Structure formats: structure tokens, C-alpha cells
Amino acid sequence: MDKAYDHKKYEDDLYNFWEKKGYFKPEINPDGKPYSIVLPPPNVTGTLHIGHAFEGTLQDVAIRYHRMKGDKTLWLPGTDHAAIATQARFEKELHKKHKKSRHDFSREKFFGMVNEFALSNQDRILGQLHKMGFSLDWDRLAFTLDEKRETAVRTAFEKMYKKGLIYRGDRIVNWDPKAQTTVADDEIEYVEQKDPFYYFRYGPFVIGTVRPETKFGDKYVVMHPADKRYKDYKHGQKIELEWINGPIEATIIKDEAADMEKGSGVMTITPAHSAIDFEIAQKHGLDIEQVINDRGILLSIAGEFEGQHIKKARALIVEKLKKKGLVEKIDESYVHNVATNYRGGGTIEPQIKRQWFVAVNKEFVLENSKISGIQSGSEVTLKQIMKKAVESGDVKIEPKRFEKIYYHWINNLKDWCISRQIIYGHQVPVWYRDDDLYVGLNEPDGKEWRQDTDTLDTWFSSGLWTFSPLGWPDDVEGLKTFHPNSIMMPGYEILFFWVARMILMSGFLLGEVPFKRVYLHGIVRDKDGKKFSKSLDNGIDPLEMVDKYGTDALRMALIFGAAVGNDVVFDEQKVKGMKHFSNKLWNMARFIEINRTQGSKFKAQSSFEELDKIAKHNTDKKWVKKTARLASEITKHLDNYKFNLAAERIYEFAWHEFADVYIEDVKTRIDKNSFVILNSLFIILLKLLHPFMPFVTEAIYQEFRKNGIWIEGKDSIMIEKYPTPKS
RNA sequence: GGGCGCAUAGCUCAGUUGGUUAGAGCGUUACAUUGACAUUGUAAAGGUCAGAGGUUCGACUCCUCUUGCGCCCACCA
């Protein structure tokens with residue numbers, strides 16, 4: 001063996017060896033208890049950052065542990081098409097390199113181009129997953145937008161439509177004029193912004209606004225029914241007043257939605273461009289008039305301002321109102337939150353649009369339910385399914401505090417807008433011909449059917465992710481074995497987007513939960529506690545760390561000190577320290593190799609009981625017991641998903657107990673018997689460590705085999721049996 | 001406005017049912033060593049476990065309040 005451990009010499013070869021042997025496949029433990037995880041699919045166009053490395057490592061530790069326990073273990077790889085994000089990135093490049101936009105191409109052509117772009121990026125991601133040593137079953141690689149997933153998506157859509165859970169409606173939605181698409185409520189990010197706040201005279205009232213450009217359509221003035229200041233005004237009363245483009249007739253509306261504490265307690269409403277105003281308008285059956293179009297241009301209702309962009313028009317409108325003496329005052333230091341698209345950053349302009357929705361509060365009959373507390377054939381809503389799945393304990397969320405957050409979210413959930421006006425994604429499987437509408441898997445027979453041009457929210461296909469890669473709806477065998485998944489390990493920031501949607505989809509389509517457990521991990525931050533992001537340019541390429549210190553060192557450093565659900569601070573020093581640990585293990589192995597003449601050829605024992613019998617020295621016996629105790633501690637931690645505690649304990653033991661004390665002790669008195677014990681215990685230690693540090697443990701294992709130190713046993717440590725105190 | 005979390009050694013953090021001198025990594029200091037170890041080993045310094053009160057025989061751990069950070073949700077006419 002070389003003097004020091006050189007990770008570059010081993011890692012790639014060992015990974016290829018494992019893969020070729022088929023050791024990542026569940027079939028190596030055909031009779032084991034099923035254990036399954038699906039990889040949260042990374043965005044195809046991105047690169048793996050340190051957070052992915054962390055997330056993947058947690059899963060690989062669980063997977064390798066269960067595989068060694070003898071479970072029929074499946075870890076399913078895949079990537080996500082990330083509709084909006086991918087198309088936006090492509091369009092940016094298209095514009096930069098070729099000065100072209102999506103409108104220069106046919107739909108088919110454009111889709112093909114984006115897809116090609118996406119898939120060309122995919123290789124890089126997959127290469128990174130290999131480098132991290134992740135034991136994924138590559139033969140099952142899936143993509144959220146491949147043919148099989150398309151079938152799954154269309155099947156899901158059709159089933160929901162037939163149950164009346166998917167409907168089309170004209171509703172106020174979050175419109176991103178920049179990306180020209182709808183954005184879901186939870187895809188909105190509020191950004192603090194300072195804007196002038198205007199107080200205008202509106203007849204006898206004073207109203208406040210930051211958005212004068214929306215005010216053309218305001219012909220209703222709303223006040224609280226209990227507001228004494230306005231007790232002389234009656235609901236439905238009409239008043240004449242002078243407004244931007246001349247005299248108008250306004251109607252008084254009394255509604256609790258008006259806050260008496262705020263400003264004058266009176267507001268006008270713009271139903272077409274505000275969600276709350278829209279609700280008020282619907283409640284009272286008021287007229288709804290569009291003022292601003294898709295692109296942020298004022299419509300004819302704006303009179304002389306028609307055709308202007310809202311950004312430019314604002315100042316001009318205020319100027320005109322000033323001249324008319326309708327401006328009461330302007331507060332220049334008003335700070336408020338502006339809704340923006342979290343992917344792309346466009347400012348949201350609420351609009352009324354015809355969109356597809358998933359009804360979360362509509363009752364339907366769930367024929368086949370395996371969810372505790374929901375009877376087959378009973379009437380439920382999707383919301384109830386999502387709630388019950390967690391309440392019943394069928395899905396356990398860890399850390400537990402996130403369950404509260406989950407319930408709170410569910411309780412406030414509104415119908416889910418699933419249609420997007422972009423091209424890249426799953427096209428809505430609905431076809432129209434005159435007044436006919438057809439929903440199904442394929443275009444219906446006959447001529448002149450036109451498919452809906454919208455695509456589905458990327459989370460619609462992600463919601464199917466626990467079972468669509470297993471072959472649903474065509475192949476049920478895989479489902480039987482591996483669904484529900486044993487555990488899901490996403491970051492906590494994705495709880496609503498994804499975890500909740502998977503519970504919804506699985507509950508409705510399969511009548512069961514998607515997974516038994518959710519382990520929410522934290523965000524990896526840099527030394528200053530900042531999130532890694534492209535804009536801050538503080539990103540760390542995992543491959544750089546791997547190259548410098550080795551995959552094992554990176555994996556170990558990420559897990560060390562990372563308690564469930566807590567954020568992790570990434571520190572390169574920690575990785576360096578773990579590289580030293582790899583080297584320490586290597587040198588422990590070298591010590592054994594150098595002393596092998598003492599033991600010549602022998603079969604190392606993996607049974608603690610057997611070792612206890614063989615051991616002659618009391619000190620050796622003591623270390624057999626200590627190691628057995630360690631094994632029971634480690635397995636306990638792993639079973640409870642306390643990976644950090646397991647990693648910390650094993651590190652401490654290997655270095656500061658086994659090496660510093662035991663090896664130092666045995667060094668002076670080594671004989672044939674002690675050698676056998678020492679070597680056997682060391683190999684047990686390697687097995688305990690393997691899920692965390694797969695490469696160095698395997699490298700040593702292979703060196704031992706090659707040098708005749710370890711005669712029997714399997715040809716890879718990764719399929720050896722995980723040490724348990726009883727065996 | 002509603003909710004949640006965090007506060008432990010210079011830095012980054014562990015500490016799961018309340019029980020003897022509170023731990024690790026990195027960093028700092030001293031000494032040793034070419035040894036299986038691009039070092040490693042031995043040892044040291046460093047903490048009224050944010051503050052105040054309470055429960056208890058006993059609190060870093062449970063309860064209440066205060067302070068300082070961070071996050072989520074809602075909403076801003």
C-alpha cells in the first residue's frame with residue numbers, strides 16, 4: 001500500500017466497478033425488505049451545488065446502510081425539466097447569441113430547441129452525481145418530461161378532470177408580464193420597495209394608492225359598514241365626482257374588507273388587477289373591467305393614456321391629477337412589498353385570465369383508500385387527504401415543527417392554478433373543436449382538433465415523482481414493491497411546493513401516501529451564513545472539493561454537525577480535516593498490512609461473539625466489546641436518521657479510541673491472535689464507516705483482498721453485511 | 001399583523017426522554033516524534049450553556065418573561 005491515501009487513484013475506478021457489478025440495483029438483495037428513495041430531481045440546466053451534494057449524501061448514507069442491512073434497496077435517479085426556469089435560461093441565451101425570441105419559431109421547433117438545450121446540460125449533472133459516489137440505480141434514470149412521464153401526467157390530468165377536480169375558470173392570477181405567464185401563489189417572492197404613496201380626492205373621500213395607473217376603472221368606493229364617519233352613505237348609493245378623465249358615477253359599497261384603521265378608511269377597488277378587489281367584486285356582483293393588458297399597456301378605458309406602458313404613465317397621471325387639484329398629498333417614503341416571480345424576477349401584475357385549476361376543496365369519492373382515517377368510497381377533498389395523511393401519522397415529517405407549518409399552509413390553501421403560458425413543459429392534454437372539448441391521453445380522431453396551448457406547472461409532474469418513475473400507470477409491479485417510498489429527503493424550503501403536492505397526487509391517484517417519512521434538511525450556507533447563490537458568486541463547486549480532498553472527505557464534512565432541519569455552514573477547513581481522517585484510516589490499514597506476517601493467512605471474523613471466544617488477551621476482549629457497543633450505537637443512530645451523531649461518534653471512536661489507544665497498545669505485544677482480533681475489528685469499523693465514506697473504505701478493503709489479508713468475504717465492502725452486535 | 005426557530009469554548013456547531021467534573025472539529029499555546037500516519041501524539045488555555053424569574057432534591061435540558069438574530073405565512077386600498 002502507498003504511504004498515503006490518494007483518492008484520485010481509486011474513486012472513479014471503484015465507482016465503475018460497483019456499477020458494472022450491478023451493486024446499485026435492488027436485485028442484489030432479491031428477498032430483502034423493500035427500501036426505496038427517489039432522488040429529488042435536480043434541475044437539468046443547473047449544476048450540482050454544495051446543497052445537492054449534502055442532500056445526496058444524506059440519501060446515499062441511508063441507501064448504503066439499508067443495502068448492507070440486506071434490504072431490497074432502490075435509489076431512483078432523475079432530473080427535472082423545471083419548465084419556467086429552463087425556458088427562461090434558454091431564451092436569455094437565444095437573445096444574447098442570436099438576437100432571437102421564442103416568437104421567431106414555431107411551437108414545435110422552439111420546444112425541440114429548449115429540450116435539446118436541457119438534455120445537453122443533463123450530462124454534466126449526471127457526471128456530478130457519479131463523482132459524489134451516489135449509489136443510484138442508473139438503469140431507471142427518469143426525466144420529468146420524458147415520454148413515460150408524459151403518459152403519467154396526462155393520465156393524472158384526465159383522472160382529475162373526470163372527477164371534476166380540474167376545471168377551467170376566469171380568475172385573477174399572478175401574471176408576470178416579463179415572462180408572459182402565470183405564476184403560482186407560492187412561486188411569488190415579496191421584495192421590499194420604496195414608492196411614493198399618493199392620496200387622492202375621490203369625490204368627498206380621500207383614497208390612498210401606490211398604483212395610480214390602475215385607478216381608471218375604479219367606480220366603486222368601499223367602506224366598512226360600522227364606520228361611523230361614513231354612516232350617512234348608504235350601500236348602493238350613487239355619487240357623482242370628478243375623476244382622472246372627467247366626471248364619473250361611483251357606487252358606495254359597504255364591506256368588512258375595508259379597514260377602518262387604515263388611512264381614511266375608504267378605498268376604491270380595481271377588481272381586474274387585485275386579488276382582494278376581485279373577491280369583493282364577486283361578492284357584490286360588481287362590474288369587472290380590465291385596465292391593463294398582458295404587456296402592461298393601458299387600454300382604452302384610460303382615455304388619453306391608452307397605449308402607454310404603466311411605468312411611464314404613472315407620473316403623467318399624477319401630473320394630471322395635480323393639475324385638477326385632486327392630489328391631497330404624497331408620502332415619498334412609503335415602503336411596501338412588491339410581488340415578484342421568484343424565477344426570473346418579473347413584477348407581478350394581477351390579471352384575470354382563463355386558466356386551469358385544481359380544486360382543493362371540492363368533495364369527491366375516493367374509491368380506494370389505504371390512508372388511515374379515510375374509508376374507501378368516502379367523500380373527501382384533496383385538502384382533507386393532504387391533512388389526514390400527516391395527521392394519521394402515515395407520513396411523518398421531521399423535524400416535527402414543520403408539521404405545524406404544513407397544516408397552516410393547507411388550511412389557507414386555495415385552488416391551485418396549474419396552467420402556464422410557456423412552451424416548455426407538459427402541454428395541457430385538452431383538445432378543442434368548435435364548442436367541443438376533449439380531455440385524454442392523445443388527440444382524438446377526426447380533423448381540426450386544436451390542443452390547448454398552455455403547459456402545466458412544473459410541480460404537476462413533480463407531484464407524481466414518487467411513482468411515475470416506477471412505471472405508473474402501466475407497470476404496477478414496481479409500485480407494489482417500492483411505493484410508498486420509505487423516505488423522502490428534500491430541503492425544508494420545498495415543503496409546500498413539492499412535498500404537499502406529492503401527498504395530494506399520490507393520495508388521489510393511488511389512494512396512499514407517497515412516502516412514510518419526510519426528513520427535511522437545512523440549507524447549506526457559506527461561512528458568513530449566506531445562502532449560496534449565483535448572484536452572490538459565493539457558490540462552491542462540489543467537484544472542486546472532491547478534486548482537492550476526495551469525495552469521502554466532502555461527504556463526511558457535510559454530514560458532520562448537521563442536525564435534522566438545521567442549516568449547515570460550509571467550511572473548507574472541515575473538508576480538509578476529513579481528508580486527514582481518510583488518511584488516518586489508510587494508515588491504520590497500513591499498520592495492519594505491515595504486521596500481516598504475524599497472522600499470515602486467516603479468515604477475519606465478523607461475529608462479535610466469535611471474536612470474543614477467540615481473543616486471548618483481556619485487552620483484546622475489551623476492544624471486541626467496545627466495538628460491539630459502537631456498532632449498536634451507530635445502527636441506532638442510523639435507524640433514527642441521526643446521521644450526524646453516527647458520523648461524529650464513529651469518527652471519534654476510530655481515531656481517538658481505536659487508533660490512539662488500541663493500536664498503540666497492541667503495537668507492543670502483537671502476536672498471531674491479537675492480529676486476528678485487530679484486523680477483524682478494523683474491518684468491522686470499515687463496514688460501519690462505508691455508508692459515509694464509501695471510497696476509502698472500499699479502497700482499503702480491495703487492497704486487503706489483493707494482499708491476502710482478507711481471504712474470504714464478498715468482493716466488495718458495499719454488499720457486505722452491516723455489523724450488528726448480535727451477529 | 002400571525003406563526004416558527006435559534007442564542008453553548010476565539011470560530012462552526014453537537015448535546016432526544018432533567019442526574020455526577022458540559023463535548024467535537026478548526027484555531028491558539030507548550031512539549032515530543034520520522035513513527036502505520038503529506039504529519040501525528042501528549043497536554044494546556046478557553047464556557048456563571050443570552051439575561052431574569054419559576055418548577056424540582058437537582059435545569060444547558062421543563063415553564064414564564066426580557067433582549068438580540070434568523071425564517072415562514074398573510075397583507076399592505
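Computed from a predicted structure; not experimentally measured.
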Atom-to-atom span, [atom1] of [X] to [atom2] of [N] - whole angstrom:
| X | N | atom1 | atom2 | value |
| --- | --- | --- | --- | --- |
| A/I280 | B/C75 | CD1 | P | 13 Å |
| A/Y492 | B/C73 | OH | C1' | 15 Å |
| A/I523 | B/C4 | CD1 | P | 20 Å |
| A/R649 | B/C13 | CZ | P | 24 Å |
| A/E493 | B/C72 | CD | C1' | 12 Å |
| A/L495 | B/G5 | CG | P | 15 Å |
| A/I405 | B/C4 | CD1 | P | 9 Å |

Do [Y] and [X] meet the salt-bridge criterion of a basic N to acidic O distance under 4.0 Å?
| X | Y | answer |
| --- | --- | --- |
| A/R590 | A/D2 | no |
| A/K706 | A/E703 | yes |
| A/K579 | A/E572 | no |
| A/R211 | A/E349 | yes |

Point to revise | Residue from A/Y701, A/Y5, A/F704 passing ring pair (Phe, Tyr, Trp, His ring centres under 6.0 Å) with A/W586 | key: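 Exactly one candidate clears the test, A/Y5.
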Check your understanding: Has the side chain of A/K404 got a donor or acceptor that lies under 3.5 Å from a partner of the other kind on the base of B/C4?
Key ->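 No, the side chain and the base share no sub-3.5 Å donor-acceptor pair.
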Check your understanding: Are A/Y233 and A/F205 close enough that their ring centres sit under 6.0 Å apart?
Key ->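 Between A/Y233 and A/F205, the centre distance is under 6.0 Å.
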Check your understanding: When the ring centroid of A/F570 is compared with that of A/F54, is the distance short of 6.0 Å?
Key ->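 That pair fails the under 6.0 Å test.
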Nucleotide of [options] approaching [X] most closely (side-chain heavy atoms):
| X | options | value |
| --- | --- | --- |
| A/K667 | B/U16, B/A36, B/C72 | B/A36 |
| A/A4 | B/A38, B/A14, B/A36 | B/A38 |
| A/I594 | B/U16, B/A36, B/C75 | B/A36 |

Check your understanding: Hey, does A/V210 reach any base, or is it just sugar-phosphate, or nothing, if we go heavy atoms under 4.0 Å?
Key ->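 Contact class for A/V210: sugar-phosphate only.
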Could you list all N or O pairs between the protein and nucleotides 17-27 of chain B that sit under 3.5 Å apart?
{"residue": "B/G25", "atom": "OP1", "partner": "A/H656", "partner atom": "NE2", "Å": "3.2"}

**Study point:** Option among A/T251, A/D287, A/T268 that satisfies the side-chain hydrogen bond (donor to acceptor under 3.5 Å, both in side chains) test with A/K219
**Key:**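 Running side-chain hydrogen bond (donor to acceptor under 3.5 Å, both in side chains) over A/T251, A/D287, A/T268 with A/K219 returns exactly one hit, A/D287.
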Review point. Between A/F692 and A/F643, how do the two ring planes meet: parallel, tilted or perpendicular, split at 30° and 60°?
Key: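 Correct class here is perpendicular.
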Review point. Quantified in whole Å, what is the C1' atom distance between nucleotide B/A14 and nucleotide B/G25?
Key: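 Pairwise C1' distance, B/A14 against B/G25, rounds to 10 Å.
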Review point. Mind checking the C1' distance from B/C31 to B/U17? Whole angstroms is fine.
Key: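 Approximately 44 Å lies between the C1' atom of B/C31 and that of B/U17.
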Check your understanding: Reading RNA chain B 5' to 3', what string of ( ), [ ], | and . shows its pairs, if Watson-Crick and G-U wobble pairs count only when both distances fall under 3.5 Å?
Key -> (((((((..((((.....[...)))).(((((.......))))).....(((((..]....))))))))))))....
